[in-house]
*Asks:* 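Supplied in structure tokens, the structure appears directly below.
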Amino acid sequence: MFELARLKVFGFRGFVGEQEFTFDRPVTLLCGENHRGKSSTLNAVEWCLFGEDCVGKKTGIRERIGWEITNRYLQQGEVSVTAEFEGPEGIYRVVREQSVGRKRVAQKVTVHLPDGAQLEDDDAENMLFTLFRSSFQDFMTAVYQHQEAIRAILTQEPKERNDAIDRLLGLSPYREILKGITGARLEDILKGMEGSRETLRKRCEQAIRTLDNLIKEEREKAIAEGISEETFTEHEALNRAAGIAKAIESLAEDLGTADFKATVPVTFNEIAEFREWVKIQADGMWTQAPDVLKQEALAIEQQKLVTLKGQYEEAKGAELTAQEERDKFVKQFGDEAALVKAAQKEQQQIDELDDKIYKTNTRARLIQEAVRYLKEVVPDIEGGRCPLCGANAPSLLSHLETEWEQKVKAQVEELEQQKRECQSKLEEFDSLKDRLGLLEKNLGKAHSNCDDCLRLVAQTIEREFRKEEDAQAILSTRLEQIAREQKSIGEAISKKRTKISDLYGNLGKLRTIDEILKYQQKRTVIEHIWETKEFLELEKSLNEASQFVEDVRALKVDLAEASLEEAESRIHSAQQALDKYFCAIVKHPTIPGLVMEVAEDSRTGLNSYSFKSKDGTDPTPILSQGDLNCLALSLFLGLSEATVDSQRFAFLILDDPTQSLGPEMKRELVSVLEDIANRRKLVIATPDLEFKNLLTTHITKIKAIYDFTDWTDKDGPQVVRTTL
Amino acid sequence: MGYNEKVLEKISDREQRSDERMSLWQSIIQSFEQEGADGVASELVGLMAKIQEKFTALLEKLDEMA
């Protein structure tokens, strides 16, 4: 059995400088408010013993993920924790060190034995296990009651609570590995692979159906083209290809391509390429043959001349129409000179009429002035002879007025009328001149169009036209000549055309046979895909995957069984003490005693815990937070009690055990601890002043009390030791 | 007896494919000790992915044939 004797901490978690603790009393209390370094002190013991095993996810403690070993404010030196244990042979000193830095570097562990021997690293780790026979999980199950373990059990969520109880029982690794295995979702991956294989099978079946249809269609087409079914063989296809090779050589000779040789395909797979080659060669030879080139050139010229002839005839027609319209106009109204002369004549008449009107108006104004004057000067003038008409008038003034109005005015109006008529004629002549101009312009344009067409014709047939020549007749003659030449060339190449048509026809038939055979070939490949090396390999991979999943499943079963057996064994060994401690601390009026049971969750393989009252009822609905805390403590103390004979550590560590406990429960817990203190040293950390007082007054063993009075980032915890 | 030994004993008792399963268990344990439950999951997914990669490559070949 090993007693914890001394602890020296430097730079570990909450500690900046060096702090030493001596556990020289049966009971050691670490007291003070939260965040003063109590838990860091207890953590230092487990880190010293177990190093990396107490850090990270594998611990099953959420708070240990990203756990910082090195004090954040430590400037230099190394983290160092020294724990001394008093064993049967004397003092065993364990020193664990780690360089300061954010990144975790290699740790150094040294074990000093009572005989003065010193072991390091792996030897030291092995010695620790030989001496204490305890893993970190064992230690946290039966030696060190973590406050996190209590906190986690204070939940009503079964999954969380099962997790916490597994941790209390030291079964977290089982649980975590099972979670990891379930989280890999290997069955889903396997299902996906099986699904892919099934999809391939369906695709192959579909492809065979499609190919069957295509083969049927092509066969029907081939038979309709006159190809007999007997020729749907590779041998026949190669024979046909040989025939086509001869045919294209003969065509090449006819078309004047010298030394043309076709390579006959030897295997069926060469046929598609051969077909393509023959097609390209035949097209090329045909388009380059002199007869074909000449025929094409004549066709182009013919098309051009027909178009030009049409254009020329249209231009000529337009010219004739314009000429006729212009001539008809001149005949009706005269030419431009006649129209100008007539207009000048009208203008002259207008000028003369203007003169007459002027004079008549002058005379009229004179008479009007004279009559007005006479009326003013001699209003009562006697009758007399009229100076205008020579007649005798009894009243000369009124006679003159009448004479002016009736004769002179009428004369002016008549002149005005004559002038208007002349102006109208003049306007008519101007309009006729404009119309004639327009007709002349149209005629000019028609002449110009005709000339342009003629130039194009001349360019096309490459000769000049003399004035006396009839372009239309020349064009017609040329077109007739082209038709004759075309007929002659057509006759010359018709044999060759038949030959190339036959060649294309045979190529088409070869293509049909080739397609049918290829479809059949493809169908055979797909039909036998299941026998290919690739498919057999695929099946092998799938079996491998299936076997792998089966192996993992078997391991999961082993793991679940081992976890369940371990849980059952631990519960069994701790059951009596669990019941004893639970009843002693809780003193529940309706729960005469507690029985803990475990079963495997068939879906996850994880342990599922349940509690029964000794009277057979389910106590869970009536368990308070305090009761659950007591349950966790009872389980820890029960496991500790159950392992007392095999346990190498002769001390228990309790960290904040009174969470959610009422005053009565605290008193009962102290009674239990008083009993345990008779057999083991106790190290208890608590922020609970009431609990501290109960411990100091009711534990009858002598005690050392470390009061954590303050904590600063520069200096770490301020600790004061007293003894009672 | 720790959990490792317990499971190894179970594997050994079953006899069937014990060598393969012991080797697989060692891989699981190693990844668990390094990265916890997530490490176990990613180790298993990684091992499965190796088989799956080969399977996918073969499936692609067969797809081309079909």
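Chain letters run A, B, ... following the sequence lines, proteins first, then strands; residues in each count from 1.
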*Asks:* I'd like to know whether NZ of B/Lys54 has more than 12 heavy-atom contacts from other residues, nucleotides or ligands below 6.0 angstrom.
*Replies:*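 More than 12 within 6.0 Å, yes.
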
*Asks:* Is chain A contacted by the side chain of B/Leu59, its backbone, both, or neither, given a heavy-atom distance below 4.5 Å?
*Replies:* both

*Asks:* Do A/Arg209 and A/Gln206 get their side chains close enough for a donor-acceptor pair, meaning under 3.5 Å?
*Replies:* yes

*Asks:* Any idea how A/Phe50 and A/Phe139 line up, ring-wise: parallel (<30°), tilted (30 to 60°), or perpendicular (>60°)?
*Replies:* tilted

*Asks:* Heavy-atom pairs under 4.5 Å with chain B are the metric here; pick the option from A/Gly192, A/Ser196, A/Cys204 that has the most.
*Replies:* A/Ser196

*Asks:* So that I can tick it off, tell me whether A/Arg201 and A/Glu198 are bridged by a salt bridge, with the cut-off set at under 4.0 angstrom between side-chain N and carboxylate O.
*Replies:*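 Yes, this pair counts.
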
*Asks:* Measure distances from A/Lys522 to the heavy atoms of chain B and classify the residue's part below 4.5 Å as side chain, backbone, both or neither.
*Replies:*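 Answer is side chain: those atoms of A/Lys522 sit under 4.5 Å from chain B.
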
*Asks:* Do you know which of A/Glu176, A/Lys179, A/Met193 has the most heavy-atom pairs under 4.5 Å to chain B?
*Replies:* A/Met193

*Asks:* With chain A as the partner, which of B/Thr56, B/Asp13, B/Leu44 has the greatest number of non-hydrogen pairs under 4.5 Å?
*Replies:* B/Leu44

*Asks:* Do the side chains of B/Lys6 and B/Glu9 get close enough for a salt bridge, i.e. N-O under 4.0 angstrom?
*Replies:*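 Not counted as a salt bridge, because no side-chain N and carboxylate O are separated by less than 4.0 Å.
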
*Asks:* Considering only heavy atoms and a distance below 4.5 Å, find which of B/Lys61, B/Gln52, B/Glu43, B/Arg17 pairs most often with chain A.
*Replies:*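 Ranked by contacts with chain A, first place is B/Arg17.
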
*Asks:* If you measure from the Lys or Arg side-chain nitrogens to the Asp or Glu carboxylate oxygens, is any gap between A/Glu125 and A/Arg96 under 4.0 Å?
*Replies:* yes

*Asks:* Is A/Glu537 salt-bridged to A/Lys533, going by a charged N under 4.0 Å from an acidic O?
*Replies:*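 Judged by the 4.0 Å cut-off on N to carboxylate O distance, A/Glu537 and A/Lys533 do not form a salt bridge.
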
*Asks:* Which one of A/Asp53, A/Ile526, A/Leu538 has the most heavy-atom pairs closer than 4.5 Å to chain B?
*Replies:* A/Leu538

*Asks:* Between A/Ile189, A/Val525, A/Ile208, which shows the greatest number of heavy-atom pairs under 4.5 Å with chain B?
*Replies:* A/Ile189

*Asks:* Does any backbone or side-chain atom of A/Ile181 lie under 4.5 Å from a heavy atom of chain B? Answer side chain, backbone, both or neither.
*Replies:*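 When you check distances to chain B, atoms from both the backbone and side chain of A/Ile181 fall under 4.5 Å.
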
*Asks:* Who among A/Lys540, A/Arg185, A/Glu565 has the most heavy-atom pairs with chain B under 4.5 Å?
*Replies:*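 Most heavy-atom pairs within the cutoff with chain B belong to A/Glu565.
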
*Asks:* Relative to chain A, which of B/Val7, B/Val45, B/Leu24 shows the most heavy atom pairs under 4.5 Å?
*Replies:* B/Leu24

*Asks:* In terms of heavy-atom pairs under 4.5 Å, which option from A/Leu186, A/Leu211, A/Leu178, A/Ile65 contacts chain B the most?
*Replies:*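 Looking at each option in turn, the highest pair count goes to A/Leu186.
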
*Asks:* Strictly by modelled atom types, are A/Glu539 and A/Asn543 linked by a side-chain donor-acceptor pair under 3.5 Å?
*Replies:*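 Judged by distance alone, the side chains do not pair up.
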
*Asks:* For A/Ala207, is it the side chain, the backbone, both or neither that has a heavy atom under 4.5 Å from a heavy atom of chain B?
*Replies:* side chain

*Asks:* With a 4.5 Å cut-off on heavy-atom pairs, point out which of B/Asp38, B/Asn4, B/Ile29 contacts chain A the most.
*Replies:*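 The answer is B/Asp38.
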
*Asks:* Does a side-chain N-to-carboxylate-O contact under 4.0 Å join A/Arg553 and A/Glu550?
*Replies:*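 Yes.
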
*Asks:* Examine whether an atom of A/Thr532 lies under 4.5 Å from a heavy atom of chain B, and if so say whether it belongs to the side chain, the backbone or both; otherwise answer neither.
*Replies:*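 The side chain, not the backbone.
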
